[in-house]
Amino acid sequence: MRAASEVMERQPETDRVPGSRVGVVLLHWGEPDTPENLDAFLKNVYADPAMVRLPGGPMFRPYFSRAAWSIQRKAIRKQLGANGGFSPATGFAVEQARGLERLLQSRTCSLECRTYVSMRFWHPGVSDTVAALGRDNIRHVVLVPGFLQPFKAGLQNVAAEWNVQADSDRPPAWSTTRLDSFASNPRVLRAISERVRQALQRFPRYSREGVTVLFAATGVPGRDDRGYYRRVQEMADIIIGLQGQAAPAQVAFHGYFGPINGPGPELKRQIEVLGRKGVRNLLVVPLCSIMDTLHSTQYLDMACRTVALRAGICQYEVAQSLNSHRLFLEMLADLVLARLDVPTRAVEALT
């Protein structure tokens with residue numbers, strides 16, 4: 001098998017292959033789509049040492065995994081039930097992919113671009129996407145991270161799994177490249193800032209200037225990603241600056257699959273602290289995934305809302321994630337085409 005770095009760094013020569021097909025793959029963790037699939041999903045998550053650290057080493061990991069996911073099952077099943085029995089992640093991912101595909105097709109002169117969704121822990125999985133690429137006769141693949149900030153359990157883990165499965169049987173029929181982190185891209189920052197302004201419209205006009213904005217990001221082990229917490233804080237500071245506020249942004253962290261074990265305040269505790277300090281209007285802004293997931297639509301919007309109301313906060317709102325924001329999709333399309341180095345035509349974005 002070829003090294004992952006070799007697969008990632010090899011550049012497609014699309015300008016030498018007129019009419020060649022490009023596949024743009026959006027990489028995500030994935031979520032269970034129904035309560036019946038929950039156990040299989042959690043088995044995949046807890047089998048991955050990069051996602052969940054458990055004691056005992058590889059020999060005892062299966063035993064600890066079963067015990068851990070039996071506890072987590074109850075919480076996620078409750079989230080699914082509160083969300084109507086389904087997860088929104090796949091729907092948002094497909095919507096994103098289709099908007100990006102329309103935009104790419106409208107801008108390219110010599111290529112046919114198709115978009116795909118690949119989930120690390122659920123369907124459509126890597127093997128499903130690889131099969132679709134083969135059926136569609138794709139010759140060049142661009143991997144797009146589903147995470148704003150790079151961290152080991154996120155982009156690195158998902159991309160590494162892609163390389164392993166895509167190259168498991170024989171060398172793939174396509175060359176592969178990958179977008180780097182785009183968290184500091186000005187259009188991403190402006191898009192999130194617009195999401196903040198949109199969410200502030202839910203508060204009465206007279207109270208908007210006094211709304212406290214709290215950015216919420218997924219916590220990761222500090223020893224694994226030493227720069228992650230600093231980068232999240234820097235990103236939040238820029239966004240709050242775009243809102244006209246000079247003070248450093250407030251950031252809190254939450255676990256995606258279990259409690260966090262890194263530095264930084266835990267989200268629910270920070271909400272309680274703000275309530276005790278007299279905050280009465282609170283806006284939480286997701287700052288990790290590029291789309292809304294079960295975690296943002298249920299945990300942030302429902303479970304944390306209960307904590308906020310108990311803490312004395314009168315109005316609690318959650319901003320929408322990037323999803324299919326026009327600026328975000330335009331930025332992705334430009335990055336993909338720049339990576340491929342193909343001629344484009346300037347047209348109005350179709351999102």
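Because the structure is predicted, anything quoted here is derived from the model rather than measured.
E112 places no side-chain N or O within donor-acceptor distance of the main-chain N or O of I138, the cut-off being under 3.5 Å. R21 places a side-chain N or O within 3.5 Å of a backbone atom of D136 that can act as its donor or acceptor partner. Judged purely by atom type and a 3.5 angstrom limit, Q96 uses its side chain to pair as donor or acceptor with the backbone of I290. One N or O on the side chain of S289 and one on the backbone of M291 form a donor-acceptor pair closer than 3.5 Å. The backbone N or O of M331 sits nowhere less than 3.5 Å from a side-chain atom of D334 that would complete a donor-acceptor pair. Remark: side-chain polar atoms of S181 are paired, donor with acceptor, to backbone N or O of L148 under 3.5 angstrom.
How far CG of L335 is from CG of D180: 9.0 Å, rounded to the nearest 0.5 Å. Taken to the nearest 0.5 Å, the CG atom of N137 stands 9.0 Å off from the CZ atom of R114. For the atom pair OG (S296) and CD (Q298), the distance works out to 10.0 Å, reported to the nearest 0.5 Å. The CD atom of Q250 sits 11.0 Å away from atom CG of D237, with the distance rounded to the nearest 0.5 Å. Annotation: the span from E31 atom CD to D33 atom CG amounts to 10.0 Å, rounded to 0.5 Å. Atoms CZ and CG, from F215 and L287 in turn, are 6.5 Å apart once rounded to the nearest 0.5 Å.
Between R195 and Q198, the side chains place a donor N or O and an acceptor N or O closer than 3.5 Å (distance only, hydrogens not considered). Side-chain atoms of R208 and Q201 form a donor-acceptor pair, as typed in the model, at a separation below 3.5 Å.
Between L214 and V279 there is no side-chain heavy-atom pair separated by less than 4.5 Å. The shortest distance between side-chain heavy atoms of Q315 and P204 falls below 4.5 Å. Taking the side chain as every heavy atom from C-beta outward, C304 and V284 never approach each other to under 4.5 Å. A heavy-atom distance below 4.5 Å is not found between the side chains of H123 and N37. Taking the side chain as every heavy atom from C-beta outward, H254 and T218 approach each other to under 4.5 Å.
Minimum heavy-atom separation, Y316 to I271: CE1-CD1, 4.1 Å. Taking both residues in full, the closest heavy atoms of A217 and V232 are given as CB-CG1, 3.9 Å, listed atom of the first, atom of the second, then distance. Between L189 and S184, the shortest heavy-atom contact is CD1-O, 3.8 Å. Contact record, L309 with C314: CD2-O, 4.0 Å, taken as the closest heavy-atom pair. The two atoms that bring M235 and Q149 nearest to each other are SD-NE2, 3.6 Å, heavy atoms only. Looking at every heavy atom in both residues, P32 comes nearest to L38 through CG-CD1, 3.8 Å.
Note: the hydrophobic cluster containing F253 also contains V213 (ILVMFWY, side chain heavy atoms under 4.5 Å, direct or indirect links). Criterion: ILVMFWY side-chain heavy atoms under 4.5 Å apart, direct or through other members. Under it, V285 and L327 are not part of a common hydrophobic cluster. Clustering ILVMFWY residues whenever any of their side-chain heavy atoms sit less than 4.5 angstrom apart, transitively, puts F328 in a cluster other than the one holding F92. Both V126 and L27 are members of a single hydrophobic cluster when ILVMFWY side chains are connected at heavy-atom separations under 4.5 Å. Grouping the Ile, Leu, Val, Met, Phe, Trp and Tyr side chains by contacts below 4.5 angstrom, directly or via other members, places L294 with F41.
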Kindly indicate, with the supporting measurements, whether the criterion side chain to side chain contact (heavy atoms under 4.5 Å, CB included) is fulfilled by T293 and W29. CA-CA 10 Å; T293 63; W29 275 334; over 6 Å; no

Using the rule given for side chain to side chain contact (heavy atoms under 4.5 Å, CB included), can you reason through M119 versus V117, listing the C-alpha separation, both sets of side-chain angles and the distance that settles it, and then say yes or no? CA-CA 7 Å; M119 303 293 191; V117 174; 3.7 Å; yes

When you look at T115 and R98, which way does the side chain to side chain contact (heavy atoms under 4.5 Å, CB included) test go after all the steps? CA-CA 7 Å; T115 56; R98 295 297 168 260; 3.3 Å; yes

May I have the step-by-step check of side chain to side chain contact (heavy atoms under 4.5 Å, CB included) for L179 and L332, ending in yes or no? CA-CA 9 Å; L179 296 187; L332 283 184; 4.2 Å; yes

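Between R230 and E234, at least one side-chain nitrogen of the basic residue sits less than 4.0 Å from a carboxylate oxygen of the acidic one, meeting the salt-bridge criterion.
For the salt bridge (charged side-chain N to carboxylate O under 4.0 Å, His left out) condition, the pairs that include at least one residue of residues 299-321, sequence neighbours left out, are R202-E317, D301-R305. Counting only residues at least two apart or in different chains, salt bridge (charged side-chain N to carboxylate O under 4.0 Å, His left out) contacts with residues 268-295 are absent.
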For residues 238-248, which side-chain donor-acceptor pairs fall under 3.5 Å, sequence neighbours excluded?
| from | atom 1 | to | atom 2 | distance (Å) |
| --- | --- | --- | --- | --- |
| Q243 | NE2 | S193 | O | 3.0 |
| Q243 | NE2 | S193 | OG | 2.5 |

